[in-house]
Every structure is written in structure tokens, then in C-alpha cells.
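A short write-up of the structure that comes next.
Protein chains get the first letters and strands the later ones, always in sequence-line order, with residue 1 at the start of each.
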Amino acid sequence: MEKKLAVYLCSGCGIGEAIRVDSLAKLASGELKAPICRTSGQLCGPEGAAQLQRDIAEEGVNCLVLAACSPRVSWPAFSFDPRRIVSERVNLREQVAWSHEPRPREGEQLDEDIQALAEDQLRMGIARARLMETAEPSVEGRDKRVLVLGGGVTGLSAALNVAAAGYEAVLVEREEQLGGFARRLHLGYPRSAPYTELAPSPIAALVEETESCPRIEIHRSATIQSISGAPGMFKARILRQGKTVEEGAGAIILAAGFEPYDPRGLEELGYGRLSAVVTSVAFEELAARGELARPSDGGPLGSVAFIQCAGSRDERHLAYCSSICCMNSLKQALYVRERYPDAKIYIIYKDMRTPGQYEHFYQRAQEDEGIFFAQGEVRAVGQCEDGRALVELDSVLHRERIGLAADLVVLATGMVPRTALGEGPGADGSEGPSKGEPAPATANLPSDIVRSGTLNLDYRQGPELPSLKYGFPDSHFICFPYESRRTGIFAAGSVRQPMDMAACMRDARGAALKAIQCVEMVSEGKALHPRSGDLASPKLFMQRCTQCKRCTEECPFGMYDDDGRGNPVPNPTRCRRCGICMGSCPERIISFEDFSVAMVGAMIKAIEVPEEETLRILVFACENDAYPALDMVGLRRGRYNPFVRIVPLRCIGSLNLVWIADALSKGIDGILLLGCKHGEDYQCHFIQGSALANERLGKIKETLDRLMLEPERVRIEQVEIDDCDRIPAILDGFLETIEAIGPNPYKGV
Amino acid sequence: MTQPTRIEPDLAFIREVIACGGDSIKSCYQCASCSVSCAISPDDSPFPRKEMLWAQWGQKDRLLEDPDLWLCHNCGDCTRHCPRGARPGEVMSALRQISTASSSPLPFLARWVGSPRFLPLLFAIPAALLLALMGAAGTLRLPEGEVVFSKLVPVWPVVDILFPLTALFALLSSILGIRRLWTGFVSASRRSAPMEPASRPQGPKGVALPGSILAAALEVLRHRTFKDCGVEGWRRLAHLGLFWGFGLLFVTTLSVGVSIYLFGADPPYSMGNPIKWIGNAGGAALILGSLVAIWKRSAKKREGEPSSYSDWLFLWVLFSTGMTGFGAQFLRLADWAIPAYSMYLVHLLLVWFLIAYLPYSKFSHLLYRTTALVFAAHSGRQPRRSR
């Protein structure tokens, strides 16, 4: 591509007061040889924007360097079609003018360090722009159907939402009838105001609506044999009554639901020992069949004890709260009271959890004269003289051990996601591999995958979605609740997180919208998230590949398959454009049109390193959290030293170690990496980027030793987006460390 | 502590509490604002929080043996401070009503007193007795000449047969009631006190029975605890008026008896007679006290703190007793025969009502609160004194 470069310098918003914009212009058109260089008092204003458009149309400019505000703002004025025009933003406002002392008044000495900072940032921007290419999106998958796995409340709602938006859905249900777990319910608890009355389950209406919807194809008594492909081009082989059918889909919604926790381990609560002890599911089924009665003689129920958190919030069973059991027991208590007005109900709990509007339902139950709430720990479940069950507990309010006799004891057991049932660590909702036993050697699976048989993906990373804890296929990222760690596969409902029907229906809607977004964007060759709409994609220069498999191993999203000889085979629509593969590649063969090892290398090379004692610090900042935090320092007029040169990276995991070597051999005195939190409760937008960067940095010591440099010259810090208060101290603290070590001996070599 | 205490909630009891005005009982969520706001609750296992829990759980046995029910003076602070509208004060009142019934030897009578349906019957009993005695004495007709009440209702054999027997009935009922309540208090105190923290410091030693009785009597005469419930100053004055008014009238009645039988001086007495002064002073105190109480309770009712039927019945009977007493006196002095005799008959019925039903009505708090105060002093249970 023949490029015509133009540099635009804005002096608005205080930039002109902080630095000499005219000398920057001289630098651009002189030393940096920009054919066109223009200054503006307000580049984002109508005049500035018109100038840009005029230059593009009349001068044939197709490579723009916009030295003005942060690339995170003023998008409307500075957005161009990346397939025709490359553009690079140089952040002179937030990270130069606003975060350093303003230029002294006339007649006083100018702060040359700030001017030098602005110059370097401009040099870096121009260097990068010269290497950038226009985007060549790869459009691989155009299938816009959505495959929904599971025909329960979530699956049906998801399919209906997909259909309502005008798309086609393929629904796969393993049972003969649609409806899932909700079919087993006697009654539901309230889903709308005033939140005090029992409501019938919505499932019959959902099933009917789904079955009569022309845009939903339903496979009953069907299981997934295998799923291959990638977003926009999934191929699902469905086993249905002994026959295999194949369905294509652009996105997948996993709504496999949950199984009630297996109560067989709850013998201490009387399960299996006493016939009067049943689970809440069994109790619900008795109610649905109209068989609620005293077990001894079939007479009216005189008393029922509900034991909440039975096998939940307990390290020996499910460590988590399933969130529905409190409401469910209140519901069951109320329908027993309706049927038997003289029945006494005991609800024995650790904490009642009825969030939001459900408080009204809880209060309704509290008002009932026959419902007794006892907070405390159950100590024993036995039998009393008259044959009834006797629950003994240490009651917090009674301040003593009390015994409650009941005709029936109901264990409110929790939910286990279907994805946790199978072979592998984390199965049965136990703690993930981080805390439990080492993964069984036989499984031969990544440590976070349970062979649950729900998706049966033909992915080299394993057949199911990875989970973080307890077998929930959750990406554990607050910004992306539905996105799993496999692009285009969205988890929704109680398989994703324990939730009730109302929440499942909301969740299904969210996942349906995400799936639609997926098929639409993939059909245009765009990245899905978090870099939504990114048209560039990784390009591999395969002639130089050494089959080291680092990219196939490290991509968190399974973008690369292995051709059997170690060569990576990309599935571009699975790619999230994080650049982790680019950072991992020792041969530097992976590049994006607008981001490559060479581009960042050129930026580093463009930094002017003075020969004297003045220090230079290179900062690699993650674009997701660290970079906005740096902007916020400027926005709040924080102050940090002017010796830092900031290079934004789309993920700190795209860091290629060659850049460190480049910078140090050039004479840069210190290198600071600002990435997201890694490890447990990680904050990395690409799951593993910050952890991988940290790992790679462990290997940098060799390079430093070879160069005979101190290890303190390279540091990684974990930064969150709201850490702007900490950032100046981090930057200045690092400068002090480097000052103490002294300048890089390679300066001027 | 490892042997569990079996709790078998008594649904019928909960329904009774609700019916007696404790309908808010289930709203309590045990935050303890009530016990904290109470000015007189002891620091150790304070009321009314634990009573609220026991009532919610239908723990009838525990409540009926609980002296704290009667230590409460019903100032209403807890009800005002309750964040959940559980109205602990009303619940305590309801519980006292149930405790009165269950302590008395004739619980059905207490239930009749507590229910508006039986009110006509309750007045029909003394009316029938009075008429029967008057019939036997042959005075069932309008007397002629100057209005003298003993012409219609002769002291003997009507007044002095009916009232001493009634008083005897009330006295026996009271003795049985107090004994039952006291036995309950004792057996409750012998059980472990689960509401108290294990690290509870040893409280001050109790006082011997005569000393306890003296302390309780002084407390009742001076109404000191009412003063501690400081926010409701009017209540102490009204209650003092009622208490001393009733006391003076009681003294008046005894003096009349003494005058008749020892000195042969039959009433009516002249207005200059000291017995008249005492009687009129007592009547005035009774009327003023009950008026203030009625007025204040009406105001509270408008503010959403209604009083129970038992409260109202007792107050109106007291007020009417005072009013009919004065009325009869003035109508007699005015020599207005029919109204005067009618008023006197109504007055006698009201007095009979007060005495006969004393251990069965709200009036029973005279007995049972005093009993609880004696027990508290005896067992060393110290109320919190004004801070």
C-alpha cells in the first residue's frame, strides 16, 4: 500500500499551554519528514474534522497521525474506515499536558523534559503509523443460526428470544419432553409485584410457545455427539433416536441447567437413615402429585422442618450458595400451610437469602403464625419417642440447643451445574484444581475441564468449557457474564451460576442477544469482544514457523488447532485479537495489520535516548485497565515524572520479550509493565494475558544476565482501572529505583 | 446444655395472643431495640425481647412462668422504637391478660371479662343477686320520703351479705392466683436460664421475703418505676390518682362499716363528716385519674397505638364508678328520688364488678405485678434504674 502520511497537532484543551506545539510541527515536517503537518486549535471541532476529510479526499492522505487527546475519547471525529485508512492517535492531552506541570509563564525557563516527552510520543506514533497496514478482515463464517443446548426455562427462553429477534434457533433437548427441571415443580414463587403470592410455574406456556414457533427447530431425546468448527461455522452432530443429524450454527447457547446435589452424602442430616428425611426436590414432587401427607399414616401433616444449606456452604459438600433454596423452602412452607392450616413449619437456616423484592415474600412467611424461623447449626437429626423425626440445633436466638419434632424433614439441597458432572477435576462442584487434589493422570485434560458430555467440542483444548470454580463454565469476568472462554459459546441460566427461574429468563435474553451479536459480527469479519468491531486479524508468516507450539498452547481461546506436525492452524473467528500469540512467538511470525512486534520495536527505536544522565523509562500499559487509569491521572491532574514513554498494548500478554532486549540495548534505563491482576480473581480481559506476561518476565533474567544488567530494571505491576491514585507513586517509585541503580551503561553505545 | 430443650410451639396459644391484641407478634425479627429502649428492663436477660421470641414460638409454659411479664409497666417505649411495628408493649399486655386467665382458678371467667360478648352477662350476675336479696328483704319498691339509700338497699341483709361474700370470693381467687403465679416463678427460676450469657456476672443477692414485700409495697405506693419510664410523666400522675383514689374509697368503705357496727352511726352522714371528705377526695382522684388515662389512650389510639378491650373496659368501669358515686350523692342531696336511687343501683353494680372480677380483669395487675415485684426483689433481679 502506497502511504501518504499526514500529522495533525492539536493545541486545544491545554496542550498549547503545556508544550510548544509549533516546534513539534517543525519536528514532524523536518526531522520526521511528514509530507503534511497541520496544527489546529481544536482538531476535534468541525473545522478540524473538515480539514481531515479534505486532506483524505483531495491530498490522498491515507495514514493519519493525530496528536491530540487520548485514543479513548473523541471517537466520532477521529474514526476512519480501517480498510482504507490507517490512523494512529498520539496522546498529548491526558498523558502529557494534563499529567505534568504546565509550561512556565513567558520569560521563564521552559521545562524541556515535558517537551521531550511530547516529542518522543510523537516520534513513536509516527514510527508505528509508517508500519501500519489497512485491515484485511477475514470473513469465514456466515451461519446466523443459534444452537441452543437444553430445553428448560433458560433454553426455551433463549430460543424464543433468538426467534423474536428474527433469527433461527436449533434447540436440542436430551429428554423426550421440553421443560427441563421446571416441569417437576408443583408451584413457583412470585416473579412479579407484590412478590407475596405463590405463582404457577411458567414452563407450560414457554413450552407451548416454543413448540409453535416456526423459527425454532426442536430436537427432542437428542444429545450432542460432537461440535466442530468456530463461530459463524459451527457443525453440530446430534444423536437423535439412534440417528445422527448435522446442524450448522453461528453461535451456541449452553443452557444445560443443573442437577440437584446428590443427598447421599448427607447421612448426618438423616438422609437415607430416616424415612422422614427427604430432599426439597422429592418434597416438591410429592406436592406436585398431591401426596403431601404424614409418612407414618397418611394423615395431615402436623409439622415439617426445613433444613437450609443442606450440603451447601460447606467445604465437605458444595462450598457455595445456590441462591434459590431459601425462596424455595419459603414457597414450600406456604403451600403446606395453605393445605394444612394447623401444620407447624420450622425453617432452620444459617442466613436467609431473599435478595431484592423477594424480601416481601420472606416477610409474608414471617407473618404466618405457623412458620417458625430458627437460625442455627443443626447438630443432630434423630427420632423421638412418638416416631417423628427430631432435629436438634443450637438456636442463635434461643441461646440453647433446642429439639424440634417434625413429621417430615426437608433438606434444601443446592444446585450442581450439569457441566460439573463427569470425569475430571472440579467435578461435582468441588473446589477447582487450585485447591483440590492434582488432576487425575488418566483424564489427560486441561486442569479446568470436566468431561461432562454436554458440548463434546472437537477442540484441541478439550471437549467442554473450562471452568474456574465448582464446575461452572463461567469466565468470571464481570463485564462479560455470558461469554465463556470459548468464543461464540455462551453459557446461560443455572449452568452458568446458581439462579432461579426469573433470573434464568433474564439470563437467556442476555445470552440470546450476545449470540446474535456474535453471528452478526463474525459474518462481517469483526472481533466480538472485548475488542468489539476490530477488523484486523492475526496473520502468520508460516515459512518461519519452528513448530514450537507456543501460540497453540498459550491462546486462551483455542484459536489455533494443531495440524499434527506442530504447525498452528488458525480458526480466525475464534480469535479475540488479544495478541497473546504474537507475544508468545519467539520467531515473531504473528502480526496484525495495526499491531506487530516490528511496530512496537520501531516505536522503541524512535525514542530519543539522551547520552547524558537523563533517564528514560519505557512503560507498557494494558489498554483495558492500565491505560485508562493513566488517562484518569491526567483527567484528575495528577502528576508524575516526565521521563516515562508509554506504549499501549492491547493486552499485557502480547508483550514480546524481544522488545525488552531492544529497549535495554538501546539505552532505556528501566521498563515497567502495567497489567491486570492475575491468578485467582484475575482481572485480565483475555483471561490469561497478565499471567502469561508475568511468566514470560520470569524468563527475562537470562537476557538481563547476558547484558549484565540489574534485574530491577524490569518490573511488572498489577493495576486496576480505578487505581489512578496509585499510578503516580508506581511511576515515580520505579524512577527512584532506577535512579538508585544508575543509568543504563548501554547509553550511547 | 447438650440435652436439647424440646420446643413444641402451641399454635392455639399464638392464636390467643393474636386475639388478645398481640396480632403484631409475628413481625418481630429480634433486633432487641425493645429491650434496649426499655427504661426499666434489667441488664440480664432483659424483656421484652425474649418474651417476643417465646410468644412467636408459642412457648406458653415459659411465658406463664415469667415474672418479667409483670415487671413491665406498659409505657409503650418499646412499641414506639420497634422498627418492624411488632408492638412489643401490646404483646406484653396480651400476654398478661392470658397470664391472668391461666393463673386464676376460674379461667373461663377471665375469658368472659376479656370478651365484649360477655359484658351483659357480667353485669347481669350482680343485678340478679342484688334484686334477689332486695326481694328477700322486701325492699323492691320505690321508698317514700327523703332519699336514704338504705331504704331501698338495706345494709343488712342486702349490702352486708352481698359485698363481704363477693370480697371473699375475690380474695380466695386472688390467693389461689398469686400462689399459682408464684409457684410458676419459682419453678422457672430453678430451671437453667438459657437467655443469659454464660459469662453473666453474679447478680446482687436477693432480699428475704419480708424485706421484699416491704420493698414491693413501697414501690407500689410511690410508683417509683413509673417515674423511671420518664417519657410518660402523665401516666404516673394518672395512675397515682387512680391508685390513691381507689385506696381512699376503700378506706371510706371500711370506715363506714366501722361507724355502723361499732358506733351505730348509720349513713347518710353529713357533708362535714371526715368520712365524707375522704370519700369525696377519693372519688375525685379516681375520676380525674381515669379521665386523664382515657384521654391519653384515645390520643395514642389516633396515633396508631390502640389499647386493648381489657384496658378500655377497666378504665371505663373505674370512671363510671366514680361518676355514679358522685351522681348518687348529689341526686340524693337534691332529693330527686328516682334518678338518685337508679344511680345508686348502677353504682353498686359497678363496685361489685370491680371487686368480684378483680383477679380476672385488668385489675389483677394490682395483685400480680406486686407479686412479681416481690419475687424480683426476693430473687435479686434488679431493674435498670434511670440512667
Side-chain angles (χ1 to χ4, degrees), chain A residues 300-305 333-334 336-337 340-349 351-352 354 359-360 362-386 388-407, chain B residues 1-20 22-32 34-35 44-46 48-63 82-87 91 94 191-200:
Chain A
L301 271 177
S303 47
V304 183
L334 282 170
V336 172
R337 291 276 308 147
Y340 300 113
D342 287 324
K344 288 175 273 189
I345 311 285
Y346 310 109
I347 296 187
I348 301 159
Y349 65 96
D351 305 283
M352 286 304 285
T354 54
E359 176 75 6
H360 297 297
Y362 181 23
Q363 286 192 8
R364 149 100 201 263
Q366 286 174 321
E367 296 290 339
D368 191 305
E369 63 191 20
I371 302 181
F372 304 94
F373 289 90
Q375 186 179 35
E377 288 281 337
V378 174
R379 293 299 174 200
V381 179
Q383 216 163 7
C384 48
E385 325 76 50
D386 57 8
R388 287 184 294 169
L390 182 69
V391 182
E392 292 178 21
L393 67 140
D394 288 332
S395 168
V396 170
L397 291 175
H398 290 92
R399 292 207 186 191
E400 62 180 331
R401 183 159 296 183
I402 63 172
L404 299 169
D407 293 330
Chain B
M1 283 289 283
T2 44
Q3 188 58 36
T5 309
R6 277 282 287 280
I7 298 182
E8 194 69 63
D10 186 337
L11 266 188
F13 175 74
I14 295 172
R15 287 171 186 151
E16 199 181 350
V17 176
I18 291 171
C20 290
D23 54 322
S24 51
I25 178 62
K26 277 285 180 171
S27 297
C28 169
Y29 56 12
Q30 288 285 306
C31 67
C34 49
S35 290
D44 280 346
S45 91
R49 175 188 176 175
K50 64 179 186 302
E51 284 73 15
M52 293 298 282
L53 180 74
W54 291 343
Q56 267 188 344
W57 276 78
Q59 290 176 272
K60 182 179 181 178
D61 300 345
R62 207 159 236 182
L63 283 165
C82 177
R84 206 100 189 284
R87 305 211 302 274
V91 174
R191 274 200 311 268
S192 62
M195 292 301 291
E196 291 167 22
S199 61
R200 172 199 175 198

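Only the side chain of A/Leu390 has a heavy atom closer than 4.5 Å to any heavy atom of chain B. For a residue to count as touching a neighbouring chain, one of its non-hydrogen atoms must lie under 4.5 Å from one of that chain's; by this rule B/Ile25 does not touch chain A. Both the backbone and the side chain of A/Ala374 have a heavy atom closer than 4.5 Å to some heavy atom of chain B. Using a 4.5 Å cut-off between heavy atoms, A/Ala343 touches chain B through its backbone atoms (N, CA, C, O) alone. Contact annotation for B/Ile7: both backbone and side-chain heavy atoms come within less than 4.5 Å of a heavy atom of chain A. Looking at A/Asp342, the atoms closer than 4.5 Å to chain B (heavy atoms on both sides) sit in the backbone and in the side chain alike. Interface residue A/Phe373: only backbone heavy atoms are found under 4.5 Å from chain B.
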Could you please spell out the steps behind the side-chain hydrogen bond (donor to acceptor under 3.5 Å, both in side chains) verdict for A/Glu367 and B/Ser27?
CA-CA 6 Å; A/Glu367 296 290 339; B/Ser27 297; 2.9 Å; yes
Could you go through the side-chain hydrogen bond (donor to acceptor under 3.5 Å, both in side chains) check for A/Arg401 and B/Gln3 one step at a time?
CA-CA 7 Å; A/Arg401 183 159 296 183; B/Gln3 188 58 36; over 6 Å; no
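Below 30°, between 30° and 60°, or above 60°: for A/Tyr346 and B/Trp57 the angle between ring planes is below 30°, a parallel geometry.
For B/Glu8, the salt bridge (charged side-chain N to carboxylate O under 4.0 Å, His left out) partners two or more places apart in sequence, or in a different chain, are A/Lys344, A/Arg388. With sequence neighbours excluded, no residue satisfies salt bridge (charged side-chain N to carboxylate O under 4.0 Å, His left out) with B/Arg84.
Remark: A/Glu369 engages B/Arg15 in a salt bridge, criterion side-chain N to carboxylate O under 4.0 Å.
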